[in-house]
Every structure is written in C-alpha cells, then in structure tokens.
Amino acid sequence: MTFRVFRDSVRRSVDAALDSMGLRGVEYSIEVPPDPSLGDLAVNAPLRASRVLREPPGAIAERIAGAISESRPPIIGRVVPHPSGYVNFFADAAELARLTLRAALDPGGWRIDVGRGTKVSVEHTSVNPNKALHIGHARNLVLGDSLARLLSEVGYRVEVLNYVDDTGVQVADVLVGMLYLGMPEDPPPGKKYDAYCGDEVYVRVNELYEARPELVERRREVIAQLERGSGPASELAARVVPRILRAQLETCWRLGAKYDLLNWESHILRSGLWERAFEVLREAGAVRLVEEGELAGCWVLQAPEEGEEKVLVRSDGTTVYAAKDIPYAAWKLGLLGDPFQYRRFAKQPGGGDLWTTDLGGGEAEHPTFGSSDLAITVIDVRQSRVQRFVKYAVELLGERSGRSKRYLHLGYEVVALSRRTAEALGIEVPEGRQFVHMSGRRGAYVNVDDVLNALASRAAEEVRKRNPDARDEWVRRVAEAIAVGALRYQMLRQDPNKLIIFDMEDALRIEGETGPYLQYTYARASRILEKAGGIPSESLGELAALLSAPKEVKLVKLMSKYDMELEEAAAELSPKRLATYSYELADAFNAFYEAHRVLQEPDENRRLARLALVGAFRSLMGRLLTLMGIEPLDRI
RNA sequence: GGGCCCGUAGCUCAGCCAGGACAGAGCGCCGGCCCUCUAAGCCGGUGGCCGUGGGUUCGAAUCCCACCGGGCCCGCCA
C-alpha cells in the first residue's frame, strides 16, 4: 500500500495530463528507470505520443511534466522530463517513509488477499518410501513448501499433500532384499532407517538383479501382493514402509516443511477412484480401446495434441503408472467424491497434526481434505509429458461435471553433482562431462542429512567464534537453523528451469548471496533494537521525514515494494522472487548500517527515526525469511 | 525423427514472460575499512561482440525464424 500508492498516483496523473493534451488512449508503460538518480518511476508516454504528434519525444516530455507539476498528490515529489522521451517521477521521500514504516511496523498491517479463500492444494516431496532424501528431493521440497507458505500468506487456503508410493518397484526392491536375501529388517546401530534401506538394501538388491534374474520374478510377486494388500510381503511392508516414511519425515521437518495429509498409492488403488474416472473418460470419448496394430487391446488416452496418445490400460487389463495419477488428481479437485477415511499420523514439530488417508476406519472428526479449486503438483521436468496427460484428463473430468477446476504442474530441473563432488564420492564421471546425474539405484547421490550436518558443523564453528561463552545447546540450535537457511536459499535462488550442479564445497559457503547472509543481517537489526530497548510507536509521521540520507531513502523505497513483490511472486508461483528481493533488501540494509550509526546518533529524533527504520526492516525481513522457510535469528 | 528447457564476466547466476535511456549480482583476483550498534559485513578496482546469423521495430540480452552447443522427454517401466 505504499509504493503502490505512488505508482497508482503516477498513472492517474499521467492519464489526466494526456487527456488535457488531447492524447487520451495513448498506450504507455510505467517502468523503473535504469539509474535511480533519474527517478523512481519512468513513463514512456512521450515516446509513444511522438508517433501520433510527429513531434520530438523530448518536447512532449516537457509538456506532460508541466501539466502534471501543477496539481499533484503529496506522494509525488519531483516530476522531471528527460530528452530521451521519458517523464521521470520521484516519490516524496517523507511521505513514502511515513506510509512504509507504518505498514511495516503494524503487526496486523500489510495483509494481502489476492487468494480470497480459493482453495489450493500443493503436492510436494512425494519421495518413494524406500530411501533417504537426496538433494534433488530437497529442491522439490523447498520449492513446494515455500510456494505453499507464499500462497497462504496472500490469502489462499492451502492444503499440502505428500504422496506415498507404497506399492511401487522401489519399495518392492527393499522388500526383496529383506525377504529373499537375508538382509535384516533392522538397521545397524546408529544408521538412520531411511538411509539404511536406501544406501544398503536398495542399492545392493539392484546390483544383484543382473546376476540373479530369478529375483526379478520375486519382485513381481512382491508388487502383486502390495497391490492386493495381502501376503507376507504386504505384512512386512506394513512395518517397513511407515518406518522409512517416518525417518524421511524427520528430514523434511528438519528442513522446515509441513504437510497436511499423506496420500497412499495403495489406498488410491483400492478406492475405486480409477474405475470411476475411467468410466467418465470413456463416456467423454477421451479414452478408446485400440483394435489393431501394436497397441491392440490397450485403452489409450488421446491428448492433448493431435495424434498424441498414452496407454492407460494394458492389453492384459492392468493399469500403467500414469493411470494412478489421474484418480489422485481428480480426488484433489473433488471431482469424483471422497472415498477415504482419515486419521492422525503424526504430530509435527511446531504443532499441527499430519493426517493420513485410511480405508478401514478413520477418526470420526477430521478436517475436510481434497476438493480444491486448483491443484499444484511439484515434480521435476522429466514428468512433464505425463503431467500434460494428467492435466488434460482431469480438467476434462472437471468440465464434464460442470465445474471450473484447474490442474498445474510446477516443474523444475533436476539437481546433478559436480565432477569434483561426484569424484569425491567415488562416482565415475565420464571424460569431458562437467557433471553427473544422481541415481538412487546406483547409490550415486548426496543425502540431505549429510549436507545439513556438514553445514551445521561449519556454521557451529563460526557461531562459537563469535559467542565463546554461549551454551552448547544454543550454538547447536543456531547452527542447525543456519544450515537449513543455507540449503533452502541455494535451492530457491536458482530459476526452476535451470539445472543445479551441486558442488559440496560451494554449498558449504555461507558468505555472499546466501541464506546465512540474510540471517546475519536480520540478527544485526535485532541486536540494535534489543540494545535500544524498543521502537518508537508515536509521531512516526514526523520522524519518517528525517530519513533523508540516500541510503535511508533507498532502503525505504525497497521496503515500500513489499506487497507488490509478494503479489508478483504469488502470481508467478515463483518463490525465487522472494529470494531475490530479500537479498536486495539485506544489501540495502547493510549499506545503511555501514554508513549511519543508530544507537550513537546524537540527535534524539534522528535516532528514533532510524530505530523505526531498523524495526521496519527487521519486521519485513523476518516475514520474508519465514516465507522461505528460513528461521529468523535474533543473534547468531 | 518429434517435443520441452538451457546458453549473459574466469566460475555460479539475476535481468527475458509485459522490448527502451551506459547489461547487474555473488564467487574469484587486486587494494582499502573493525573508532564498542556482530567484518558471515562494507567500500573501490578487475572482468562481458548477452552462443551465431538473419528478421520485426525509431529502438532487441528481451519478440520471431534458422543454425550451433548442452540437457531432458517421447515404453503395454515405475
């Protein structure tokens, strides 16, 4: 409500000026000038108008500026025509500061509601329950969790889902190892259960398939039992899978993620949802039985482009993997009713229950799940093709039921390992390649827990250096928060459609554009406020006018764009923007911090004004960090 | 063969969707700054025919086309 006020005022003033010059209807854009010394906003109307008027842009700029200067609202300061054909506008610094400080310091202020209660489900993480999370999964989790936080902040009702593929090949591999190869169900002492199953059992079993082909047959039987839900493999799975899942969740929670509900593939398989979806798709003519050719006997989905088709039901009557995604997506949007019961699965750190679907007797009282207006699925780009079919199918189901429902695949590129890091792990890197893809089956990956542990011990050194007398418990806790901040920021700042080449040495950096830099800056602000004993709450208006030094003004301006930045980030489903904006803010704060004293400022009013500025910064940075799932720390 | 994504400073990346005023950060490298608000910081310097070639436009890193280089996807696997 602050920079936006300025921008809207500029738009109104320019419209009025154009009107008075007989130029109504000239299209122009409002931009940010390349150099702040030119102005805070620039309008290119003169360039556009010069085509119509056949007059040099510079001259038109002068006329427009003249027309505006006469009567302008207080938020608009100077209006400066530029010979290049722009009219530049300066916000009135005092007015902008007043509005910004007030909004930022008001705990209930700056509420944004573009979601208006629209229900959105965000599915993320969804790691096969047979191994520990590797850093690729971390990218998924961080993207999804940050997006969920962001959407919730701007007024959407968000439901976070985590899909558990408990009937797939990957789980079956682990069960094969335990059932037929004598691998113990319990891990060796000190080994986390998900890491044990993934690093040892899963990898070993996959090594053996080639030498012992009969194991592949065993696996087939295991999968059949899992789908049916009976037999010795199924009984073993009932113990092993939840145990792995809980170990994975420890890592997820460690990273700050929260979920509302676990959706189990086995439940979806037995829910009858697929049969219902299939029925509707067939009636709609989207699915057809192929009569001849290679695909004879298969039911295929025809979509979304001409000639593209995807087999959903094999000629032997079994369904393919993609056919499980469709009923799940339909459930998310409430298109086929709700066949599930629900019960509590776990208590999450920081409060809040994690629920799970159930097919045999849930709890009588439970929140309403599913039935979202928009379903967002966070999965890597390799799934794009399948996701297009899912989107097509489920949106078709929506149309058939006369409801407007949307399905969105939020894709992102995978995380690969740098040559240096891969070689350090003993992974062979082909000549000429700068990176290598991770592979769970081959054991070629970097676990999230290991990265966090390395980061935490690195951070602990630094924290200890600065706080020699602090309690170990405090140092440990702060170092952990810094480790999470570092990893989350790294995963967030990169554009989702760019491959991340993970390098361990690089990842352990906590200087420069990193999460810890933001946390450090936040702590600086916190300490000033702590020592000052509080923020002035009165006469903010007069105090704000004292913030006239360039570095103060620059910081205020950046902060004044908070709501616009959030809305933009939400509209683009781009939590990355939060990372970029936060870094700019921290940068501006540090520049201010180095240039001006706060506590030692001799002029009392100026001191109070700066305190208010620091308080406003701390408040906004704290909110941004929280949205990114990075813990704001008052002291580090 | 078809489709999607990436190519900007030695390295890692912003900026591109909604085209404009000298192309920005971080890391690295060189040189400065702790006089009690945390130097995980700050200031200055170094460094780029924005992959190539066409086109559209008064104007292109940004839009369109072609090409080159790299990645991914195209299974009755999951």
Side-chain angles (χ1 to χ4, degrees), chain A residues 29 31 33-35 38 42 44 47 50-51 57 82-86 88 128 165 167-172 223 265 290 294-300 305 307-308 310-322 324 380-386 388 411-414 416 418 433-435 437 459 462-463 465-467 482 486 490 493-501 503 506 509-521 523-532 572 576-577 579-580 583-584 586-587 589-591 593-601 610-611 614 635-636:
Chain A
S29 62
E31 303 155 17
D35 185 327
L38 291 166
N44 66 354
L47 285 169
S50 78
R51 295 184 193 181
H82 193 273
S84 62
Y86 280 89
N88 294 320
N128 273 297
D165 182 358
T167 63
V169 173
Q170 299 204 20
V171 165
I223 293 173
E265 180 163 284
V290 180
E294 282 188 332
L295 300 181
C298 297
W299 289 87
V300 300
E305 256 105 64
E308 269 196 295
K310 171 92 191 127
V311 172
L312 294 183
V313 182
R314 303 185 186 100
S315 53
D316 65 3
T318 57
T319 53
V320 304
Y321 181 83
K324 297 167 190 166
D380 73 62
V381 288
R382 292 172 304 187
Q383 298 287 334
S384 296
R385 192 182 156 79
V386 173
R388 278 216 321 282
Y412 61 91
E413 268 290 351
V414 297
S418 72
R433 310 297 302 261
Q434 283 320 297
F435 64 89
H437 285 293
E462 297 289 324
V463 175
K465 214 185 291 173
R466 288 165 181 74
N467 302 275
I482 291 169
Q490 276 180 67
R493 61 172 262 237
Q494 199 106 326
D495 195 87
N497 49 23
K498 270 186 178 160
L499 186 76
I500 291 183
I501 298 174
D503 182 82
D506 224 43
R509 252 185 49 230
I510 53 178
E511 293 159 14
E513 191 188 341
T514 64
Y517 171 79
L518 303 181
Q519 289 170 307
Y520 176 76
T521 307
R524 271 184 158 175
S526 292
R527 293 284 281 160
I528 293 174
L529 295 168
E530 186 187 314
K531 290 184 177 171
E572 295 179 4
K576 178 186 79 160
R577 298 188 62 109
T580 308
Y583 179 73
E584 285 173 4
D587 195 43
F589 179 81
N590 279 317
Y593 176 95
E594 298 284 343
H596 305 287
R597 304 265 97 181
V598 178
L599 299 176
Q600 292 93 338
E601 167 59 43
R610 287 189 183 147
L611 264 183
V614 173
R635 176 174 193 157
I636 70 178

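Values in this document were obtained by computation on a predicted structure and should not be read as measured data. Residue numbers start from 1 in every chain, and the chains themselves are labelled A, B, ... in the order their sequence lines are given, proteins ahead of strands.
Of the side-chain N and O atoms in Lys498(A), none sit less than 4.0 angstrom from OP1 or OP2 of U8(B). Listed pair Tyr593(A) / A39(B) meets the phosphate criterion, a side-chain N or O lying under 4.0 Å from OP1 or OP2. For the OP1/OP2 pair of C77(B) and a distance below 4.0 Å, the side-chain nitrogens and oxygens of Arg314(A) include at least one atom meeting the criterion. A close approach under 4.0 Å does not occur between any side-chain nitrogen or oxygen of Tyr583(A) and OP1 or OP2 of G24(B). Distances shown here put every side-chain N or O of Arg388(A) at or beyond 4.0 Å from the OP1 or OP2 atom of C73(B). Look at Lys310(A) and you won't find any side-chain N or O under 4.0 angstrom from OP1 or OP2 of C76(B). Phosphate contact (OP1/OP2 of C37(B), side-chain N/O of His596(A), threshold under 4.0 Å): absent. Contact between the side-chain N/O atoms of Asn497(A) and the OP1/OP2 oxygens of C6(B) is found at a separation under 4.0 Å. Arg597(A) has a side-chain polar atom (N or O) that falls below the 4.0 Å cut-off from OP1 or OP2 of C37(B).
Considering only heavy atoms from C-beta on, Lys324(A) stays 4.5 Å or farther from Asp165(A) through its side chain. Between Val313(A) and Thr318(A) there is no side-chain heavy-atom pair separated by less than 4.5 Å.
In this structure, U56(B) forms no base pair with any nucleotide, since neither Watson-Crick nor G-U wobble geometry is met with both distances under 3.5 Å. If you check C77(B) for Watson-Crick or wobble pairing at under 3.5 angstrom, you find it has no partner at all. Nucleotide A9(B) forms no Watson-Crick or G-U wobble pair with any nucleotide shown, as no partner meets the under 3.5 Å limit on both distances. Across all strands shown, C17(B) forms no Watson-Crick or G-U wobble pair with both key distances under 3.5 Å. Nucleotide G41(B) forms a Watson-Crick or G-U wobble pair with C33(B), both donor-acceptor distances falling under 3.5 Å. Pair check for G28(B) finds U46(B); Watson-Crick or G-U wobble, both atom distances under 3.5 Å.
To the nearest 0.5 Å, atoms CZ (Arg388(A)) and CZ (Arg385(A)) are separated by 6.5 Å.
Residue ring and base: Tyr86(A) counts as stacked with A21(B) (centre distance below 5.5 Å, interplanar angle below 30°).
Judged by distance alone, with hydrogens and angles left aside, Glu572(A) brings a side-chain donor or acceptor within reach of the base of A18(B), the pair sitting under 3.5 Å. With hydrogens and angles left out, the side chain of Ser384(A) and the base of C73(B) share no donor-acceptor pair within 3.5 Å. Interface remark: the Asn44(A) side chain does not form any donor-acceptor pair with the A21(B) base, using a distance-only criterion of under 3.5 Å.
Considering every non-hydrogen atom in both Gly512(A) and Tyr517(A), the closest pair reads O-CB, 3.1 Å.
Both Val311(A) and Ala42(A) lie near RNA chain B, and the one whose nearest nucleotide falls closer to the 5' end is Ala42(A). Mapping Tyr520(A) and Gln494(A) onto RNA chain B via the closest heavy atom, the residue that lands nearer the 5' end is Gln494(A).
Without hydrogens or angle criteria, Asp587(A) side chain to Tyr583(A) main chain gives no donor-acceptor distance under 3.5 Å. At least one donor-acceptor pair closer than 3.5 Å links the side chain of Arg610(A) to the backbone N or O of Arg597(A).
As rounded to the nearest Å, C43(B) and C27(B) have P atoms that lie 11 Å from one another. The same atom, C1', is picked in G70(B) and in G32(B); the two are 41 Å apart, to the nearest Å.
The side chain of Arg493(A) lies closest to U12(B) when the candidates are C17(B), U12(B), C37(B).
Syn is the classification of C34(B), since its glycosidic angle stays within 90° of 0.
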